[in-house]
Participant: 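First, the structure itself, so that you have it in front of you.
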Amino acid sequence: MQFQTKPNRILCIEDGAEVGYVTFPEREAGVFEIDHTVVDKSMQGRGVAAQLVRLAIQEIHRQGGTVTASCSYAQKYLEKHGLRPLVICHMVTSIDGKVTGDFLYSETGLRVCEDYYAIHRALGGEAFACGRVTMESSFTNGFRPDVSAFSGESLPDGDHIAKHHGRYAVSFDTCGVVGWTDGLIHDEDAGYDDRHIIEIVTERTAKEMLAYYRKIGVSYLFAGTDKIDIGLALQKLYDAFGIRLLLLEGGSIINGAFLRAGLVDELSLVVSPAIADRDDKPLCMDADMTDFRLISAETRDSGAVWMRYTK
């Protein structure tokens, strides 16, 4: 069974024959309506309709569009599953699938990383996301603020939306400890600079830290009691900030968590021509087996190969 994407239409193909389709015309600028989901009787009961609607939503989000539905099946699908961003895991890897290590800092590795950043900018999307360790190593240098002045401060319950900005940096930070100094990323790369920071936290986060985030203009969303519910976090990011395409950029632990939750829709891998050290970390820590389909492969002047996969 294969799926083919056409303009405003996705086909399901089995043994060379079309056995299902979904259509989603653009009714007005940027607004797409899923109006028909059709599956041949021979394919019913195999989850084809759900797959077609899921792929249609992903394609609409890939185009930066808004999803509506008049088809009864699509309406029921949206009621059950809600909407979330399309998630593309975008990473530099070694030939043997590692994402940390000295291979990133060799002369070739640095050129490959420049390609990675250029592709990041080209992929676009409203947000990129990283885990705590990556955010601290890339943007805060492990800074820990003194929050003692906020002890005992009364806070409103629930999520805090400091601002709507259009460009976001999403920090998956279970206990809310990343030491931001204000509400925006400051980086020399235009792909990361001037992004409003959203902390994804749990109820384990200290009240003093939440008060500090409010003070400096960082938004935060609760997504669990003890550990982060990634599906809930993505729904909140969609509903609260309109994030339709999110680039997941590691590290290894958060990539693995997304994969185990079935929430990686595509892989964008910039493969450096190097073998990493044995102790370097893999693309996805504690991954479950997941099948992907290659959709493109492109050689780059840096010596890298950029490969894209979809489910």
Participant: Answer whether the closest heavy-atom distance between the side chains of W306 and Y116 falls below 4.5 Å.
Facilitator: no
Participant: Run the side chain to side chain contact (heavy atoms under 4.5 Å, CB included) check on L294 and M307 step by step: do they pass?
Facilitator: CA-CA 7 Å; L294 181 69; M307 296 187 294; 4.2 Å; yes
Participant: Would you give the length of the straight line joining atom CD1 of I119 to atom CG of L269, rounded to the nearest 0.5 angstrom?
Facilitator: 10.0 Å
Participant: Checking D189 against R121 for the salt bridge (Lys or Arg N to Asp or Glu O under 4.0 Å) test, could you report, in this order, the C-alpha distance in whole Å, the side-chain angles of both residues, the deciding distance, and whether it holds?
Facilitator: CA-CA 9 Å; D189 189 312; R121 294 190 292 270; 3.0 Å; yes
Participant: Could you tell me which non-hydrogen atom of A276 sits nearest to which non-hydrogen atom of D280, and how far apart they are?
Facilitator: CB-OD2, 3.4 Å
Participant: Around F3, counting heavy atoms of other residues, nucleotides and ligands shown, do more than 12 lie under 6.0 Å from its CZ?
Facilitator: yes
Participant: If you round to the nearest 0.5 Å, how far is CG of L259 from OG1 of T290?
Facilitator: 4.0 Å
Participant: If two hydrophobic side chains count as joined below 4.5 Å and joins carry through other members, does I295 share a cluster with L55?
Facilitator: no
Participant: Would you give me the side-chain donor-acceptor pairs under 3.5 Å for residues 6-25, sequence neighbours excluded?
Facilitator:
| from | atom 1 | to | atom 2 | distance (Å) |
| --- | --- | --- | --- | --- |
| N8 | ND2 | F24 | O | 3.2 |
| E14 | OE1 | M1 | N | 3.2 |
| T23 | OG1 | D35 | OD1 | 2.5 |

Participant: Do V170 and F258 belong together in a cluster built from hydrophobic side chains that touch within less than 4.5 Å?
Facilitator: yes
Participant: For F103 and S106, which heavy atoms make the closest approach, and how far apart are they?
Facilitator: O-OG, 3.3 Å
Participant: With a 4.5 Å limit on heavy-atom distance, are the side chains of I200 and I198 in contact?
Facilitator: yes
Participant: Quick check: do L221 and L237 have side-chain heavy atoms less than 4.5 Å from each other?
Facilitator: yes
Participant: Write down the atom of R167, the atom of A190, and the distance for their closest heavy-atom approach.
Facilitator: NH2-O, 2.9 Å
Participant: Only one of V53, V39, I34 clears side-chain contact (heavy atoms from CB on, under 4.5 Å) with Y73; which?
Facilitator: V53
Participant: Flag the pair R84 and D265 as a salt bridge only when some basic side-chain nitrogen lies within less than 4.0 angstrom of an acidic carboxylate oxygen.
Facilitator: yes
Participant: Should V178 and E199 count as side-chain neighbours, where that means a heavy-atom distance under 4.5 Å?
Facilitator: yes
Participant: Side chain of N255, backbone of G250: donor and acceptor closer than 3.5 Å?
Facilitator: yes
Participant: Under 3.5 Å, is there a donor-acceptor pair between the side chain of Q75 and the main chain of A69?
Facilitator: yes
Participant: Do K80 and Y77 have side-chain heavy atoms sitting under 4.5 Å apart?
Facilitator: no
Participant: Closer than 4.0 angstrom, basic N to acidic O: yes or no for E153 and K207?
Facilitator: no
Participant: Taking only Lys NZ, Arg NE, NH1 and NH2, and the carboxylate oxygens of Asp or Glu, determine whether D288 and R260 approach each other closer than 4.0 Å.
Facilitator: no
Participant: Keeping the roles fixed (side chain from D40, backbone from S42), state whether a donor-acceptor pair exists under 3.5 Å.
Facilitator: yes
Participant: Give a yes or no on whether V177 and I254 share a hydrophobic cluster (residues Ile, Leu, Val, Met, Phe, Trp, Tyr; joining criterion: side-chain heavy atoms under 4.5 Å apart).
Facilitator: no
Participant: Would you confirm whether T134, through its side chain, and G131, through its main-chain N or O, come within 3.5 Å as a donor-acceptor pair?
Facilitator: no
Participant: Compare every heavy atom of T202 with every heavy atom of T174, then report the nearest pair and how far apart it is.
Facilitator: O-OG1, 2.8 Å
Participant: Grab the two heavy atoms, one from H120 and one from F128, that are nearest each other, plus how far apart they are.
Facilitator: CE1-CB, 4.0 Å
Participant: If hydrophobic clusters are built by linking Ile, Leu, Val, Met, Phe, Trp and Tyr wherever their side-chain heavy atoms come under 4.5 Å apart, do M135 and Y117 end up in the same one?
Facilitator: yes
Participant: Is the number of heavy atoms from other residues, nucleotides or ligands under 6.0 Å of H165 NE2 greater than 12?
Facilitator: yes
Participant: Give a yes or no answer on whether the side chain of Y168 reaches the backbone of A129 with a donor-acceptor pair at less than 3.5 Å.
Facilitator: no
Participant: Going by the rule salt bridge (charged side-chain N to carboxylate O under 4.0 Å, His left out), which residues pair with R308 if we only count those two or more places apart in sequence or in a different chain?
Facilitator: E266
Participant: One thing to verify: whether E79 and K76 come together as a salt bridge, which I'm taking to mean a side-chain N less than 4.0 angstrom from a carboxylate O.
Facilitator: no
Participant: Contact between L210 and Y220 at the side-chain level, heavy atoms closer than 4.5 Å - yes or no?
Facilitator: yes
Participant: Distance from F32 atom CZ to T68 atom OG1, nearest 0.5 Å?
Facilitator: 10.0 Å
Participant: Say whether, by atom type as modelled, one donor and one acceptor occur between the side chain of Y309 and the main chain of S296 under 3.5 angstrom.
Facilitator: no
Participant: State the CG-CD1 distance between L83 and I243, to the nearest 0.5 angstrom.
Facilitator: 13.5 Å
Participant: Output, in order, the C-alpha distance, side-chain angles, deciding distance and verdict of ring pair (Phe, Tyr, Trp, His ring centres under 6.0 Å) for F241 and H164.
Facilitator: CA-CA 7 Å; F241 295 98; H164 290 94; 5.5 Å; yes
Participant: Carefully, step by step, assess Q235 and H81 under the rule side chain to side chain contact (heavy atoms under 4.5 Å, CB included).
Facilitator: CA-CA 9 Å; Q235 288 183 8; H81 299 282; over 6 Å; no
Participant: So V218 and R214, do their side chains get closer than 4.5 Å, heavy atoms only?
Facilitator: no
Participant: Check whether T93 reaches the backbone of V271 with its side chain - one donor and one acceptor, N or O, closer than 3.5 Å.
Facilitator: no
Participant: Within the 4.5 Å heavy-atom criterion, are S219 and Y213 side-chain neighbours or not?
Facilitator: no
Participant: Indicate yes or no for a side-chain donor-acceptor contact from E126 to the backbone of L245 under 3.5 Å, with no hydrogens or angles considered.
Facilitator: yes
Participant: Atom NE2 of H61 and atom CD1 of I88: how far apart are they, to the nearest 0.5 Å?
Facilitator: 12.5 Å
Participant: Determine, for D291 against K311, whether the closest basic-nitrogen to carboxylate-oxygen distance falls under 4.0 angstrom.
Facilitator: no
Participant: Step by step, would you call I275 with S94 a side chain to side chain contact (heavy atoms under 4.5 Å, CB included)?
Facilitator: CA-CA 6 Å; I275 299 294; S94 61; 6.0 Å; no
Participant: D277 side chain to D279 main-chain N or O, any donor-acceptor pair under 3.5 Å?
Facilitator: no
Participant: Run the salt bridge (Lys or Arg N to Asp or Glu O under 4.0 Å) check on R62 and E59 step by step: do they pass?
Facilitator: CA-CA 5 Å; R62 188 178 290 107; E59 181 60 27; 2.5 Å; yes
Participant: How far apart are the closest heavy atoms of R244 and G65, and which atoms are they?
Facilitator: CD-O, 3.2 Å
Participant: Check the pair V264, L248 against side chain to side chain contact (heavy atoms under 4.5 Å, CB included), reporting the backbone distance first and the verdict last.
Facilitator: CA-CA 8 Å; V264 175; L248 174 64; 4.3 Å; yes
Participant: Drop me the distance from R27's CZ to S70's OG, to the nearest 0.5 angstrom.
Facilitator: 6.5 Å
Participant: Salt-bridge test for D187 and R195: reply yes if a basic N is under 4.0 Å from a carboxylate O, no otherwise.
Facilitator: no
Participant: Using modelled atom types and a 3.5 Å cut-off, is there a donor and acceptor pairing between side-chain atoms of D159 and backbone atoms of F222?
Facilitator: yes
Participant: Would a single hydrophobic cluster contain both V99 and L246, if residues Ile, Leu, Val, Met, Phe, Trp and Tyr are joined by side-chain heavy-atom contacts under 4.5 Å?
Facilitator: yes
